[in-house]
Amino acid sequence: MKREIPVRNVARAALITVLGFLIAILGNLLIPQVAELTVETYKWGPFLFNLNSFYRLVLGLIIVFYLIAGARALKRPELRPEYVKQKWFRFAMGLVLLVYDLAGTKLRITPQPFFPGPAEVLKTFLDDGPYLMQNTLFSLRLFGVGFGIGILLGLTTGVLIGWFPKVYYWVYPIVRITGVIPAVAWMPFALTLFPNAFSSAVFLMAICSWFPIASQTAFGIQTTEKSQFEAARTLGAKNSFLVFHVAIPHAMPQIFNGIQSACGNSFTFLVIAEMMGQPGGLGYYINISKIWAIYGQVFAAILVMALLFSVIIAVLNQIKAYVLRWQKGRFV
Amino acid sequence: MSQPIIEIKQVSRIYVDEDRSSDDSSSVLALKDINLEVEEGEFLSIIGPSGCGKTTLLRLIGGLDKPQAGELTMAGEKITGPDPKRGYVFQQGSLFPWLTVEKNIAAGLKARGVFRQSRDRVPEFIRLVGLDGFESAYPHQISGGMAQRVAIARALINDPQILLLDEPMGALDSFTRADIQDKLLEIHRKDHKTMILVTHDVDEAIYLSDRIVIMTPRPGKIHEIVSVNLPADRDRTSSDFLEMRKEIMRRFSKANAEADKVDMAAYI
Ligand SMILES: Nc1ncnc2c1ncn2[C@@H]1O[C@H](COP(=O)(O)OP(=O)(O)OP(=O)(O)O)[C@@H](O)[C@H]1O
Ligand SMILES: [Mg+2]
């Protein structure tokens with residue numbers, strides 16, 4: 001076992017992190033606005049914000065976030081290596097933000113209006129927050145329905161293909177062929193066949209999730225050792241037990257592989273579909289913002305997307321780690 | 001004497017290589033004309049060199065495999081498939097890796113759909129095989145000996161009339177082995193459960209059995225059946241035990257020499 005990283009190093013990493021973002025805050029506070037910029041004031045409950053103070057608030061929140069992460073690393077030594085290792089990257093993030101703030105907002109030497117400064121990106125949350133939120137929820141709903149249906153279809157067909165040789169014979173070739181067709185090829189078809197934009201996007205996400213999940217599930221089921229079925233049968237198991245308590249648990253690692261790659265596919269299709277004609281969603285929001293040439297909003301939507309997708313992936317990883325907890329420490 | 005619990009009549013099992021079924025030399029006569037009766041409450045061991053068909057025979061009794069010729073019955077009923085009345089402990093690694101020790105043992109009840117009414121049996125069987133404290137460990141986290149004890153408990157929780165054991169201690173060190181042997185004896189004595197044990201350890205066979213079946217390979221046949229007339233509590237170092245051991249070894253090598261002669265004759 002590796003030696004535990006001492007508290008001193010964790011504290012130093014926290015300090016370096018805080019320092020990086022503190023430099024960004026001080027830079028925003030002390031460097032005067034050189035280029036021309038109208039600074040409006042927004043009221044949020046009892047608080048008044050302008051784009052700069054809001055930007056500094058967000059930087060402050062990032063500092064708090066990393067301090068909490070540091071405190072967690074103090075409590076749980078297994079988290080320390082990662083936390084300590086990342087310190088210079090986080091420091092650099094602070095510096096990059098400083099330079100970006102300087103070039104984008106204070107001096108406005110970045111190509112305008114395409115690359116607004118960080119404060120102007122965050123300003124979107126002040127002047128268009130509710131609408132951005134509404135579109136985020138739209139994306140989340142569309143994703144949930146499409147990906148959810150894809151998972152259900154994929155699991156069902158995967159189990160059937162993996163379990164029944166007849167189904168394998170007749171259905172697997174179809175899965176194979178639809179699997180190699182890039183799902184974009186379905187777009188014209190999806191748009192004409194389905195009654196509205198929402199259901200056609202759901203179809204696209206479901207079909208691009210279907211293939212990896214179905215084929216991985218079938219593979220996991222087919223590779224179940226005969227001895228495990230035999231063990232179950234000597235215990236008095238019927239076929240349903242063999243499917244649900246032997247084959248499917250055995251296939252769980254593969255099922256999660258399938259779900260994870262389906263998840264990535266679905267993100268892509270979610271955004272493509274939204275850009276091609278949904279009445280809402282983050283992709284839609286990016287599109288209209290681009291039409292109005294408000295690039296701060298484009299970046300804000302991308303930021304939200306990055307956060308949203310990261311959270312979804314993290315949740316999926318947590319579920320996977322829980323379901324596959326029996327594998328922990330089984331492989332090196 | 002009452003009706004034997006297991007009757008095996010003229011059973012043969014041939015493995016045919018399906019890829020080369022036209023080629024005669026590719027099929028293996030794993031068992032030839034096996035006749036055997038097992039009495040209720042008996043501890044029977046089957047010994048023989050590797051490849052003589054011990055596993056094949058046990059699988060047939062378990063209902064995991066079907067003979068090409070002959071018939072196997074349990075209490076007069078033809079054996080057509082696996083049945084929880086016949087508990088089976090595999091040669092190795094048949095535990096479900098995704099279930100904890102406790103849930104592996106409970107799997108027997110779940111498979112029969114009686115978990116709800118008999119869940120109290122689980123802790124009882126964990127205790128029986130001495131695995132208290134390891135309830136929530138996963139199979140890869142416990143030792144080989146513990147894993148086999150879980151497999152035994154899992155087979156026993158369904159209260160089978162017979163326990164079939166295929167070299168359950170084959171891969172274990174002698175201390176762990178002795179430990180499990182005593183556990184098996186304890187269970188055998190307590191419930192008078194019929195047990196059929198496949199092993200290639202002569203000492204183990206003598207220590208545990210009422211009768212020992214000696215098998216020879218190519219083709220797999222029963223050479224002879226030896227009754228072990230030793231007291232119930234056996235001492236591995238007593239002179240009677242050692243005498244018995246010598247006797248079995250002698251018969252064993254004679255059986256093998258004969259089998260080899262037959263084998264050679266087939267090639268000449
Ligand atoms: N599924 C199978 N297909 C083809 N041949 C088989 C199969 N199972 C066993 N055999 C052959 O049948 C013979 C008997 O095998 P079996 O597994 O019953 O031997 P065993 O006595 O249990 O040996 P061991 O002590 O090594 O476990 C061997 O020659 C083996 O190669
Ligand atoms: Mg064997």
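The basis for the numbers below is simple: all heavy atoms, side chains too, and nothing from hydrogens, waters or symmetry mates. Within every chain, numbering begins at 1; the chains are lettered A, B, ... in the order of the sequence lines, protein sequences first and strands thereafter.
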For this session: Check whether Val246(A) gets within reach of chain B through its side chain, its backbone, both or neither, counting any heavy atom under 4.5 Å.
Result: both
For this session: Taking all heavy atoms of Ala155(B) and all of Leu235(A), pick out the closest pair and write down the distance.
Result: CA-CD2, 4.2 Å
Exercise. For the candidates Pro160(B), Gly113(B), Pro84(B), which exhibits the highest count of non-hydrogen atom pairs separated by less than 4.5 Å from chain A?
Worked result: Pro84(B)
For this session: Mark yes or no for whether Gln228(A), through its side chain, and Leu95(B), through its backbone, hold a donor-acceptor pair below 3.5 Å.
Result: yes
Seminar exercise, completed: Okay, Asp83(B) and chain A: the region with an atom under 4.5 Å from a heavy atom over there is backbone
For this session: Step through the shown structure and confirm whether more than 12 heavy atoms of other residues, nucleotides or ligands are within 6.0 Å of CZ on Phe267(A).
Result: yes
Exercise. Taking all atoms of both residues into account, what is the closest heavy-atom pair of Ala231(A) and Ser94(B), and its distance?
Worked result: CB-O, 3.9 Å
Exercise. Any chance CD of Glu78(A) has more than 12 other-residue heavy atoms, nucleotides or ligands included, within less than 6.0 Å?
Worked result: yes
Problem set entry | Side-chain donor/acceptor of His140(B) to backbone N/O of Lys328(A), under 3.5 Å | yes
Exercise. Is it true that atom OH of Tyr172(A) has more than 12 heavy atoms of other residues, nucleotides or ligands lying nearer than 6.0 Å?
Worked result: yes
For this session: State whether the number of non-hydrogen atoms from other residues, nucleotides or ligands found under 6.0 Å of Arg325(A) atom CZ is greater than 12.
Result: yes
Problem set entry | Residue pair Glu230(A), Phe90(B): steps toward the side-chain contact (heavy atoms from CB on, under 4.5 Å) verdict | CA-CA 9 Å; Glu230(A) 288 185 338; Phe90(B) 290 81; 4.0 Å; yes
Exercise. Chain A: which of Lys85(B), Arg86(B), Arg154(B) shares the most heavy-atom pairs with it under 4.5 Å?
Worked result: Arg154(B)
For this session: Just give me the residue among Lys238(A), Glu225(A), His250(A) that pairs up with chain B most often, heavy atom to heavy atom, under 4.5 Å.
Result: His250(A)
